[in-house]
Amino acid sequence: MSAKRKFKRVILKLSGEALAGEKGYGIDPVTVDSIAGQIQAVRESGLDVAIVNGGGNIWRGLSGSSKGMDRATADYMGMLATVINSLALQDALENRGVPTRVQTAIEMRQIAEPYIRRRAVRHLEKGRVVIFAAGTGNPYFSTDTTAALRAAEIEADAILMAKKGVDGVYDSDPKKNPEAKKFDHLEYLEVIQKNLGVMDSTAISLCMDNDIPIVVFNIDRPGNIAKVAAGEEIGTVVGGL
Ligand code: UDP
């Protein structure tokens, strides 16, 4: 690996949980503001920053369908949850004076722009943060896959994959196994074959086919987003940088 990676444009993938704070559900404004502050620092360092956030702090399609709901309906509810999170993040960023646009894959003109790839790229070129909401717009997908798809579309240099409670990818659960070993680097196929749970297999495959590196890091430590964006070798890198 090179001493310092150079990124020009990144996608930050935040799980819905990352916005929930200690409670583990819903939106905690203090936590959202702290994340917004970290994103602001990255943006002000000159990087183009786009964000995909999940919705798991509000609703996950699979948990609805496992209780008998129609899967597509439950997934659309999940996509709407990501829009709520995106608006919270936009609000926190704009409170800090960071111009931010939300683009949604499901049209809702009153609250966000529709997703238009060329327009998203233009926003980034103008120094705005862009948040991609409502996933891919399709049920049966995840926001990890959304991050991979949008990263390919906007030609991002990497996906910065923020995780809560863990500082990279391990060969077993470090909370249960004190002997668990952290990987510094992994190949895409290893992630799938060893079932390491970095992303779902659809998302990993898309990253592999389009040579998009993924950096998995811990978001609990303040300042880590800026560190990983600046190329510090923390966490685990999947694919080549
Ligand atoms: N979702 C979907 N299609 C997409 C993206 C998301 O149907 O393209 C739904 C799916 O139900 C998912 C929910 O939105 O469970 C929230 O996203 P995700 O579970 O990826 O959020 P995270 O785990 O990152 O909080």
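Indexing begins at 1, ligand by ligand and atom by atom, following the structure's order. Counting begins at 1 with the first residue of the sequence.
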### Task
Answer yes if the side chains of Tyr170 and Asp167 hold a donor-acceptor pair under 3.5 Å, and no otherwise.
yes
### Task
Using distance alone, decide if ligand 1 has a nitrogen or oxygen within less than 3.5 Å of any nitrogen or oxygen in Leu62.
no
### Query
Counting heavy atoms only, which of Asn53, Asp75, Leu14 comes nearest to atom 11 (O) of ligand 1?
Asp75
### Query
Under a single-linkage definition using a 4.5 Å side-chain heavy-atom cutoff for Ile, Leu, Val, Met, Phe, Trp and Tyr, are Val52 and Val215 assigned to the same hydrophobic cluster?
no
### Message
Side chain or backbone, does Gly16 bring an N or O within less than 3.5 Å of an N or O on ligand 1?
### Response
yes
### Query
With only distance considered, is Phe141 within less than 3.5 Å of ligand 1 through an N or O on each side?
yes
### Query
Under 4.0 Å from any heavy atom of Gly56, which atoms of ligand 1 are there?
21 (O), 22 (P), 25 (O)
### Query
If you measure from atom 22 (P) of ligand 1 to every heavy atom of Gly135, Gly54, Ala20, Gly61, which option wins on shortest distance?
Gly54
#### Entry: Protein residue, atom and distance nearest to atom 14 (O) of ligand 1, heavy-atom basis
Gly78 C, 3.1 Å
### Message
Quick one: does any side-chain atom of Tyr115 pair with a main-chain N or O of Ala133 as donor and acceptor, under 3.5 Å?
### Response
no
### Query
Could a heavy atom of Lys13 be found less than 4.0 Å from some atom of ligand 1?
yes
### Message
I need the atoms of ligand 1 closer than 4.0 Å to a non-hydrogen atom of Thr146, numbered in the order shown.
### Response
5 (C), 8 (O)
### Query
Does Ile27 offer a backbone N or O that forms a donor-acceptor pair with the side chain of Thr31 under 3.5 Å?
no
## Note on the structure
shortest atom 3 (N) of ligand 1-to-protein heavy-atom contact is with Asn138 O, 2.7 Å
### Residue pair Asn85 / Asn57, side-chain donor-acceptor N/O under 3.5 Å
yes
### Query
Who's the nearest protein heavy-atom neighbour of atom 5 (C) of ligand 1, and how far?
Ser142 C, 3.4 Å
### Message
Is it the case that ligand 1 has an N or O less than 3.5 angstrom from some N or O of Gly55?
### Response
yes
### Query
Picking from Arg119, Arg128, Arg122, what satisfies salt bridge (Lys or Arg N to Asp or Glu O under 4.0 Å) with Glu113?
Arg119
### Query
Shared ILVMFWY cluster between Leu12 and Val121, side chains joined below 4.5 angstrom?
no
### Message
Show the atoms of ligand 1 that are less than 4.0 angstrom away from any heavy atom in Thr136.
### Response
4 (C), 8 (O)
### Query
Is the backbone of Glu107 close enough, under 3.5 Å, to the side chain of Thr104 for a donor and an acceptor to pair up by distance?
no
### Message
Set out, in order, the CA-CA distance, both residues' side-chain angles and the distance that settles side chain to side chain donor-acceptor pair (under 3.5 Å) for Asp200 and Thr145, then state yes or no.
### Response
CA-CA 8 Å; Asp200 56 81; Thr145 303; 3.2 Å; yes
### Task
Examine distances only and state if a side-chain atom of Arg9 and a backbone atom of Val49 form a donor-acceptor pair shorter than 3.5 Å.
no
### Message
So, regarding Asn57 and ligand 1 (criterion: nitrogen or oxygen to nitrogen or oxygen, under 3.5 Å), is there a contact or not?
### Response
no
### Task
Flag Arg60 as yes when one of its N or O atoms lies below 3.5 Å from any N or O atom of ligand 1, and as no otherwise.
yes
### Task
Report yes or no: do Leu160 and Ile154 belong to one cluster of Ile/Leu/Val/Met/Phe/Trp/Tyr joined by side chain heavy-atom distances under 4.5 Å?
no
### Message
Strictly distance-based, threshold 3.5 Å: is any side-chain N or O of Thr73 a donor or acceptor partner for the main-chain N or O of Arg71?
### Response
no
### Task
May I ask you to check whether Tyr76 has an N/O atom sitting below 3.5 Å from an N/O atom of ligand 1?
no
#### Entry: Any N/O pair Trp59/ligand 1 closer than 3.5 Å
no
#### Entry: N/O separation below 3.5 Å, Ser15 to ligand 1
no
### Query
Mind checking whether Pro139 has an N or O less than 3.5 Å away from an N or O of ligand 1?
no
### Closest protein heavy atom to atom 18 (P) of ligand 1, given as residue, atom name and distance to 0.1 Å
Thr143 OG1, 3.4 Å
